[in-house]
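Contents: one structure, followed by commentary.
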Amino acid sequence: MAGRDNRDGRDGRESRGLDDPPNSRLFILCQKGTTEQEFRDAFEKFGVIEDIWIIKDKRTNEDRGIVYIKFSKTSEAMQAMEEMNGRALPGTNKGLKVVVANSKRDGSTRDPREDERLVRLFVIIPKHFTEQNLRDEFAKYGDVENVTVLKDRNSGESKGFGYVRYFKPLHAAMAYENCEGSYKPKFAEPQRSRDERDEIEIHGFSSHHSGAGQKRMYEDEIHPPGYLYPDIGFPGPGYHHIGTGPMDILADYPTTSSGSRLIIQAPIGLTQGYLSKLFNLIPGMEYCDLNETTGLAYARYSSPQCAAYARDKLNGFEYPLGSPLHVQMADESMRQEFPMNVDKGFSQFANSLGSYNAPGASPVESLDIRQKVKLQAAMILEKAGINPHNLLNFASGGAVGSVGDGRKERVSYCNIPLPPPQPTVADDGKNLAQRLFIVCQPSGVSERVLKDAFCRFGNLIDVYLLSGRNYGYAKYASKDCAMKAIETLHGQTLAGQKMKVLEAEPPKPHPVHGGLQGDEGPSKKQRLHILPDTGLHLEETKIKDEL
DNA sequence: CGACGGGACGC
DNA sequence: CGACGGGACGC
């Protein structure tokens with residue numbers, strides 16, 4: 001226990017221990033008067049018993065015929081449940097009822113789907129894994145009822161994770177404990193019902209309940225924008241006057257301000273035309289005026305809700321790459337200095353992420369909404385004839401077009417010219433040829449910038465920083481390309497950050513579940529960092545996928 | 001048949 | 001100094 005790094009004051013040791021590992025505690029109804037020793041004798045053969053607790057009435061001390069037994073491992077508890085449920089202890093005539101105990105927080109409510117929680121695993125898989133691969137892999141641990149690999153709806157490409165459903169809880173537990181650590185197995189939460197999903201969608205978007213009409217309209221937001229912008233051939237001035245649809249969607253968006261004006265600090269060099277097109281992606285824009293000398297801009301929207309929405313979606317947006325916009329309500333603008341360089345902008349944006357999410361909305365819910373807006377934005381840009389890549393590279397005249405001639409080009413975020421972007425390659429699990437270790441000093445660079453820079457040498461599989469750290473890795477499918485990346489980028493500056501780019505040492509071997517039951521626990525989730533690049537952005541590949 | 005103690009020094 | 005990420009299902 002002492003080695004666990006994931007204890008914190010709020011959770012306390014008790015609530016964590018009870019569910020750790022998950023589904024390792026049994027709730028048992030039994031004949032009153034059964035002693036702890038009798039339980040121990042009957043259950044110890046299933047594994048290591050960490051705790052036996054016989055419930056007694058607080059006042060009368062009368063035995064209530066309820067006992068909790070905590071095992072050290074999920075599989076031990078599952079085996080005990082399987083074998084002991086319905087069986088009477090020696091010398092008693094009442095069959096036990098043995099089920100997995102609810103967490104203390106969930107209380108005593110019986111969930112009709114509780115079996116669902118015991119037999120289904122959520123797993124991370126290589127992108128090239130088919131459902132058959134997944135099934136074969138997890139059939140090692142027991143009888144698989146079915147598997148699912150999640151795929152992009154448009155491209156059909158695997159999203160890199162899936163579900164495995166077993167017939168029996170014990171088999172799911174064996175897989176949970178013994179599969180390779182890279183699968184990062186978790187017991188899957190039961191699928192939410194339709195009503196529950198609606199609740200969350202609405203709460204993620206607005207601060208209170210809305211009528212059914214608005215709910216439906218919001219759901220439509222994720223579809224091609226034809227519905228919201230019926231004749232959106234070009235999102236020029238006045239497009240917001242089309243109907244009332246877009247405004248209705250934002251009518252309940254939470255605001256803290258009564259103003260409808262935004263103050264924007266844009267990077268020097270951004271033009272009036274591009275900035276206003278960007279802000280016009282949010283419904284309700286009335287004007288967006290930029291002083292191209294200072295980079296200071298003001299925008300007004302038709303309502304405080306629209307303005308707040310624009311602020312939330314565009315604050316921190318890197319436009320161009322590596323240069324986040326800073327967007328605030330105009331009547332709140334005096335409270336804070338604007339960042340005058342990328343470094344400050346980066347950290348201030350990171351600090352502001354707490355307020356990025358609407359109160360009560362989880363980061364995941366907000367991300368969902370951002371993705372929808374991103375999709376919208378990408379589609380509108382496409383229809384407007386704007387090549388998002390030109391925008392991202394800050395090439396106002398579309399001068400990027402030259403492909404394949406190897407000529408270097410000036411990029412907004414980098415101190416030296418770089419080769420033109422090249423396509424990345426899919427991770428097929430076998431094509432890794434060279435890994436690079438990357439350090440960004442002093443703080444970090446968004447993933448968008450990293451991708452844009454590191455893809456330019458060809459055969460890039462992936463590049464990322466570790467969550468909340470200033471170091472990370474790039475993976476190439478070609479050693480030559482990786483070496484070119486080192487040669488070009490090591491010692492250079494990306495978005496104001498000094499880069500070290502080195503050959504990576506071989507990775508540590510993957511940990512495995514089971515055995516000593518290590519610390520793989522759920523604590524990572526609580527460190528969920530939202531990097532600036534998870535905001536609204538326009539990636540070419542995505543755009544193609546979604547069109 | 002049906003739901004939450006005792007222990008304790010790891011900050 | 002700077003060494004190994006994150007991921008949730010249109011029922």
Side-chain angles (χ1 to χ4, degrees), chain A residues 1-5 7-9 12-15 17-18 25-32 51-56 58 64-68 70 94-110 116 120-125 127 148-151 153 158-163 165 182-184 186-194 197-198 201 219 222-223 364-365 367-368 435-442 444 447 462-475 498-511 524-525 527-531 534:
Chain A
M1 292 300 252
R4 294 289 162 80
D5 62 352
R7 303 198 178 270
D8 58 49
R13 66 187 295 132
E14 178 173 275
S15 58
L18 294 178
R25 193 176 62 130
L26 299 177
F27 172 81
I28 299 169
L29 299 175
C30 57
Q31 180 171 293
K32 292 174 180 153
D51 192 28
I52 297 181
W53 172 24
I54 297 169
I55 303 296
K56 305 234 170 67
K58 284 194 184 75
R64 295 174 62 187
I66 297 171
V67 61
Y68 291 97
K70 170 75 173 71
K94 179 189 155 100
L96 301 178
K97 177 167 181 177
V98 184
V99 299
V100 173
N102 286 345
S103 72
K104 224 167 187 173
R105 213 177 61 99
D106 291 351
S108 60
T109 52
R110 269 177 288 176
E116 182 84 355
R120 208 170 61 119
L121 297 180
F122 171 74
V123 293
I124 305 303
I125 55 177
K127 292 280 205 300
T148 318
V149 170
L150 274 80
K151 306 185 187 78
R153 258 202 325 291
S158 165
K159 289 167 125 172
F161 48 84
Y163 296 90
R165 188 198 309 272
S182 60
Y183 291 111
K184 305 201 174 145
K186 294 183 165 76
F187 286 94
E189 286 298 316
Q191 177 95 276
R192 288 193 298 262
S193 74
R194 170 102 196 174
R197 276 203 312 278
D198 286 353
E201 294 256 308
E219 285 170 358
I222 67 178
H223 297 303
V364 170
E365 288 156 7
L367 272 180
D368 195 33
R435 269 174 7 118
L436 304 182
F437 179 59
I438 301 167
V439 186
C440 315
Q441 282 163 327
E447 198 166 306
D462 195 14
V463 55
Y464 58 90
L465 298 185
L466 273 71
S467 178
R469 306 289 163 106
N470 68 333
Y471 56 85
Y473 298 88
K475 304 197 301 197
K498 199 79 168 180
M499 303 299 296
K500 289 185 183 178
V501 184
L502 317 165
E503 291 183 64
E505 298 295 328
K508 290 178 189 166
H510 285 132
K524 289 280 167 64
K525 186 164 197 167
R527 296 197 286 121
L528 179 63
H529 290 277
I530 310 212
L531 293 171
T534 58

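Order of the sequence lines fixes the chain letters, A, B, ..., with proteins taken first and strands second; residue numbering starts at 1 for each chain.
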Remember a base hit wins even if backbone is also touched, and classify [X] as base, sugar-phosphate or nothing at under 4.0 Å, heavy atoms.
{"X": "A:Ser158", "answer": "nothing"}
{"X": "A:Lys151", "answer": "nothing"}
{"X": "A:Ile66", "answer": "sugar-phosphate"}
{"X": "A:Lys56", "answer": "nothing"}
{"X": "A:Tyr471", "answer": "sugar-phosphate"}

Between atom [atom1] in [X] and atom [atom2] in [N], what is the gap in whole Å?
{"X": "A:Ile52", "N": "B:dC4", "atom1": "CD1", "atom2": "P", "answer": "19 Å"}
{"X": "A:Lys475", "N": "C:dA3", "atom1": "NZ", "atom2": "C1'", "answer": "15 Å"}
{"X": "A:Phe161", "N": "C:dG5", "atom1": "CZ", "atom2": "C1'", "answer": "14 Å"}
{"X": "A:Ile124", "N": "C:dA8", "atom1": "CD1", "atom2": "P", "answer": "8 Å"}
{"X": "A:Leu18", "N": "B:dG6", "atom1": "CG", "atom2": "P", "answer": "14 Å"}
{"X": "A:Leu26", "N": "B:dA3", "atom1": "CG", "atom2": "C1'", "answer": "14 Å"}
{"X": "A:Tyr163", "N": "C:dG10", "atom1": "OH", "atom2": "C1'", "answer": "12 Å"}
{"X": "A:Phe122", "N": "C:dA8", "atom1": "CZ", "atom2": "C1'", "answer": "5 Å"}

Nearest-nucleotide pick for [X], side chain only, options being [options]:
{"X": "A:Tyr68", "options": "C:dA3, C:dA8, B:dC4", "result": "B:dC4"}
{"X": "A:Asp51", "options": "B:dG6, C:dG2, B:dC4", "result": "B:dG6"}
{"X": "A:Gln441", "options": "C:dG7, C:dG2, B:dC4", "result": "C:dG2"}
{"X": "A:Tyr464", "options": "C:dG5, C:dG7, B:dA3", "result": "C:dG5"}
{"X": "A:Asp462", "options": "C:dG7, B:dC4, C:dG5", "result": "C:dG5"}
{"X": "A:Val439", "options": "B:dG5, C:dG5, C:dG2", "result": "C:dG2"}
{"X": "A:Leu502", "options": "C:dG2, C:dG6, C:dC4", "result": "C:dG2"}
{"X": "A:Ala188", "options": "B:dA3, B:dG5, C:dA8", "result": "C:dA8"}
{"X": "A:Glu505", "options": "C:dG5, B:dA3, C:dA3", "result": "C:dA3"}
{"X": "A:Ala504", "options": "C:dA3, B:dC4, C:dA8", "result": "C:dA3"}

Taking 5.5 Å and 30° as the limits, would you call [X] and the base of [N] a stacked pair?
{"X": "A:Phe437", "N": "C:dC4", "value": "no"}
{"X": "A:Tyr473", "N": "C:dC4", "value": "yes"}
{"X": "A:Trp53", "N": "B:dG6", "value": "no"}

| Nearest heavy-atom pair of A:Met499 and A:Ile438: which atoms, and what distance? | CE-CG2, 3.4 Å

| query | What are the two closest non-hydrogen atoms of A:Gln441 and A:Asn470, and how far apart are they? | reply | CG-ND2, 4.3 Å

Side-chain donor or acceptor of [X] under 3.5 Å from a matching atom on the base of [N]?
{"X": "A:Asn470", "N": "C:dG2", "value": "no"}
{"X": "A:Arg165", "N": "C:dC9", "value": "no"}
{"X": "A:Arg469", "N": "C:dG2", "value": "no"}
{"X": "A:Arg64", "N": "B:dC4", "value": "no"}
{"X": "A:Lys159", "N": "C:dG7", "value": "no"}
{"X": "A:Arg435", "N": "C:dC4", "value": "yes"}

| field | A:Leu29 and A:Leu96, any side-chain heavy atoms less than 4.5 Å apart | value | no

| query | So do the side chains of A:Val123 and A:Tyr163 get within less than 4.5 Å of each other, counting heavy atoms only? | reply | no

| request: Name all residues meeting the salt bridge (charged side-chain N to carboxylate O under 4.0 Å, His left out) criterion together with A:Lys151; count only those two or more places apart in sequence or in a different chain, and write none if there are none. | output: A:Glu131

| Hey, do the aromatic rings of A:Tyr473 and A:Phe437 have their centres closer than 6.0 Å? | yes

| message | The test is ring-ring contact (aromatic ring centres under 6.0 Å, His included); show your working for A:Phe27 and A:Tyr68 and say whether it passes. | response | CA-CA 5 Å; A:Phe27 172 81; A:Tyr68 291 97; 5.6 Å; yes

| query | Below 4.0 angstrom from OP1 or OP2 of C:dG6, is there any side-chain N or O of A:Ser467? | reply | yes

